[in-house]
Amino acid sequence: MKTLSIATNEIKQSLSNKRTLVFLLAFPICLMLILGLALSNAFNSSIKIEDFRVLYLVKGNTEVEQAFQSFIKEVKKNGVQFTRTNDEIDAKKAVKENKYVGLVEVTDQGIQLYENNANAIKGSLLKGMLKTFADKVNLATTVAKTDPGKVQDVLADSGQNNYVQETSINSYKEPHAMDYYAVAMTNLAAFFGMMSAVYLIRGERQRKTDIRLSAAPISKMEILSGKVLGGILTNVLCMLIIVLVSKWVFKASWGDHLAVVFLVLLSEVILAVSLGVGISYMIKTDNTVNAITMVFVQVAAFFGGSYFPIDDVDSFGGIFTRLSPLYWANNAINKVIYLNDMTPAVHTMMWNLGIAVLFLLISVISMRRREGL
Amino acid sequence: MKVLEMQNVTKKFGDFVAVDNVTLSVDEGEIFGFLGPNGAGKSTSINMIAGLLRLNEGKIKILGKDISKSNQFAKKNIGIVPQDIAIYEELTAFENVKFFAGLYGLRGEALNERVEEALEFVGLSDKAKSHPKDFSGGMKRRLNIACAIAHRPKLIILDEPTVGIDPQSRNYILQSVRKLNEMGCTIIYTSHYMEEVEEVCTRIAIIDHGKIIAEGTKAQLKSIITNTKDVWVGVTSCREVDPDELKDIAGVQEVQINWEDNVIKINSAIDVNNLNKIIRYFINHNIEIRSLEEKAPNLETVFLTLTGRNLRDK
């Protein structure tokens, strides 16, 4: 009961504090609006493919060549330009220099592709087209063994000649800028809880109310529990307001699994509050605590995809990305919303809660050791 | 009944001994003054009594129970008014008192009644819904007291409750202290202001360098340093004054005449009330009195004599 009194008091105080409201509510909502509108073009999912040129080389008198010529004619309709070459070395050099998307070698043994990895999207498209063509040739070969008369029918089947076809899973669910920043800013707001959590106990010491709390017939654990609970509930409340504003005012998509999304966000808040309380016990001076939390939150936000989407997690900067709790949460929630994939959400919650427990333990041990709070 | 007993209490911070083997007791109904300069060990002692600091040695009992064994019992019976104003600026006066009183187990209507009672006691009923950020220093000090008394503690510790406030608020607080005492509370009062302690306290302990150097009633403390008092009489002319005749008055030990200023200093035993006789001497000899002042040693003198420094020296 006393724990609840302390938690309620914490919520009242926080919500009466304009600084808290600006930090936890106004700032994320404004940033969401600004970034969501300003970067809306950067999130356009359609990509225009231009200058799609491919070299091909025919080795020997291959039976596949005739079918391959038909294939070339078909894909030309989609803007893919095949050019014949006889010099394999020069051709590979041209591909290497990124003048062509790839070199296709048509032999009796089948089709081989030499491509330049620098052009990943065009390379993938070319591979897809060649695979469709190879499947068709394989089918014709199989038919030839049983009914040679039907081979031409198979190769001429126009229904199979749509080598370039728009195929995507739930493409309508790809995030637009506002969708992305709704998730990113809500996560960031949840993580901002760390900065206010630093002052859950430290603030009591600063305003000397720690004396009254310590003098009251209430245990240190009850005080810590109440403060942490109050901090978590305040942040959850702000987080929910941000979600509702983004959903109803900015029309951002939160998917069909709101409960899972909420649990991830809740674990993020618990992590942030626990980190804040833990750090406040680990570091003595106010200035150092402020500097460390500010830098930590901003680095985590920058590498965690709060200000722009992070795709490349394999580069050097990717180390920081993979270590950012904001990346875990952003990635997990986006996968829940757009791929219905719950696995990253579960992993994120486990990590968040695990680290939270660790930092709370540090706080409890430090609190017990010191006199007063 | 002893409300507080400190037995050989020692508190160290590293190598620094803040409180050194202190033994004292406070009886029920007393207003006990704790006097000492900054860093003397007053606040450390108070913090140990309130359960905020652990003892290195010794024992503290509240209402006969050892606080190390009955911590919750002790805390329930103590109300502490910290030296610094310890309130939440974001909450109203009512919410502040309600929150702290709630920590002592009060709930519902009883809690609200106690909060109203405490605010009324400190004269802040009409400010119950106001935020302390709009209060004067004196009002904040009064709210600081209200937060400590709503749960009706038997022992109230006031640590420098009048620092930095106007005389009106100071008088209000001193009256409140007396009123709380009349209502049955035992008070421990610390202050830098000697005159406050002298005015309200029934018994006083002087602490310096962590040790109790003197303890007793005001008269007992004053008698430690001297057993005489001085009466200074200013007259129009000293020519008619006979020191030997003055010495014949009961209790008078020494007479000194300042011819230049026409002032006679008459030194008497502190326990003899001979002022009327002295005045009558001057009237009988038609010597016109211009001024009259009795100078008994005060606590400041006692403190200065015992510690070698003024109370407000840093």
Side-chain angles (χ1 to χ4, degrees), chain A residues 1-25 196 199-227 229-231 234 237-238 284 366-373, chain B residues 11 13 18 43-44 46-56 67 70-92 95-108 111 131-133 140 144 146-148 150-151 153 155-157 159:
Chain A
M1 199 63 190
K2 289 172 186 170
T3 302
L4 282 180
S5 289
I6 292 174
T8 311
N9 188 54
E10 181 59 36
I11 295 169
K12 269 190 202 170
Q13 265 180 267
S14 300
L15 297 183
S16 308
N17 189 330
K18 284 175 192 163
R19 191 167 154 263
T20 309
L21 293 179
V22 167
F23 239 100
L24 296 182
L25 275 179
S196 46
Y199 287 94
L200 282 176
I201 299 293
R202 196 171 276 256
E204 298 289 345
R205 281 186 229 134
Q206 283 178 345
R207 66 170 85 83
K208 311 291 180 190
T209 40
D210 63 322
I211 295 172
R212 286 198 191 286
L213 291 177
S214 301
I218 177 169
S219 70
K220 284 184 179 184
M221 273 305 291
E222 283 177 295
I223 296 170
L224 183 67
S225 310
K227 297 296 289 179
L229 181 63
T234 305
L237 195 64
C238 292
K284 285 185 179 172
S366 307
M367 195 183 208
R368 287 192 171 195
R369 279 184 183 170
R370 51 185 299 151
E371 294 189 296
L373 290 183
Chain B
K11 177 67 188 175
F13 295 104
S43 292
T44 306
I46 281 171
N47 286 342
M48 285 191 290
I49 295 166
L52 308 179
L53 292 175
R54 301 181 196 114
L55 325 185
N56 289 107
I67 61 167
S70 309
N71 182 269
Q72 298 288 301
F73 170 82
K75 285 182 167 185
K76 273 186 182 173
N77 284 292
I78 294 175
I80 185 162
V81 181
Q83 185 172 347
D84 298 293
I85 295 168
I87 49 177
Y88 298 105
E89 298 273 333
E90 299 88 354
L91 305 183
T92 63
E95 286 169 335
N96 265 290
V97 181
K98 188 175 180 179
F99 169 66
F100 290 117
L103 297 179
Y104 289 80
L106 293 168
R107 292 281 173 271
L111 174 59
H131 286 84
K133 60 188 170 195
K140 283 183 187 179
N144 209 27
C147 290
H151 62 285
L155 173 64
I156 299 173
I157 302 169
D159 192 3

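The chains referred to below are lettered A, B, ... by the order of the sequence lines, with proteins before strands, and numbering in each begins at 1.
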Check side-chain hydrogen bond (donor to acceptor under 3.5 Å, both in side chains) between Thr3(A) and all other residues, then give those that pass, not counting sequence neighbours.
none
Select, from Pro82(B), Gly51(B), Ala50(B), the one with the greatest count of heavy-atom pairs under 4.5 Å involving chain A.
Pro82(B)
Is the NZ atom of Lys76(B) crowded by more than 12 outside heavy atoms at less than 6.0 Å?
no
Between Gln13(A) and Leu91(B), is there a donor-acceptor pair closer than 3.5 Å when you use the side chain of the first and the backbone of the second?
no
Rounded distance [0.5 Å steps], CD1 in Ile87(B) versus CZ in Arg207(A)
10.5 Å
Considering only heavy atoms, which portion of Ala148(B) lies under 4.5 Å from any heavy atom of chain A: side chain, backbone, both, or neither?
both
Atom pair OG/NZ of Ser214(A) and Lys75(B) - distance to nearest 0.5 Å
6.5 Å
Might you confirm whether atom CZ of Arg54(B) has over 12 heavy atoms from other residues, nucleotides or ligands at distances under 6.0 Å?
yes
With a 4.5 angstrom heavy-atom cut-off, is it the side chain or the backbone of Lys18(A) that approaches chain B, or both, or neither?
neither
Hey, does Ile6(A) have a side-chain heavy atom less than 4.5 Å from the side chain of Leu103(B)?
yes
Distance check, rounded to the nearest 0.5 Å: Asn17(A) atom CG versus Glu89(B) atom CD?
11.5 Å
Side-chain heavy atoms of Tyr88(B) within contact of Glu204(A), under 4.5 Å
yes
Are any side-chain N or O atoms of Lys12(A) and backbone N or O atoms of Glu90(B), one a donor and one an acceptor, separated by less than 3.5 Å?
no
Among His151(B), Glu95(B), Arg107(B), single out the residue with the greatest number of heavy-atom pairs under 4.5 Å to chain A.
Arg107(B)
Largest heavy-atom contact set with chain A, pairs under 4.5 Å, which of Leu52(B), Ile80(B), Val81(B), Ile78(B):
Leu52(B)
Asn144(B): partners by side-chain hydrogen bond (donor to acceptor under 3.5 Å, both in side chains), with sequence neighbours left out
Arg212(A)
Where Ala216(A) and Tyr104(B) come nearest, the two heavy atoms and their spacing
CA-OH, 3.6 Å
Kindly indicate whether the side chain of Leu213(A), heavy atoms from C-beta on, has any atom under 4.5 Å from the side chain of Phe99(B).
yes
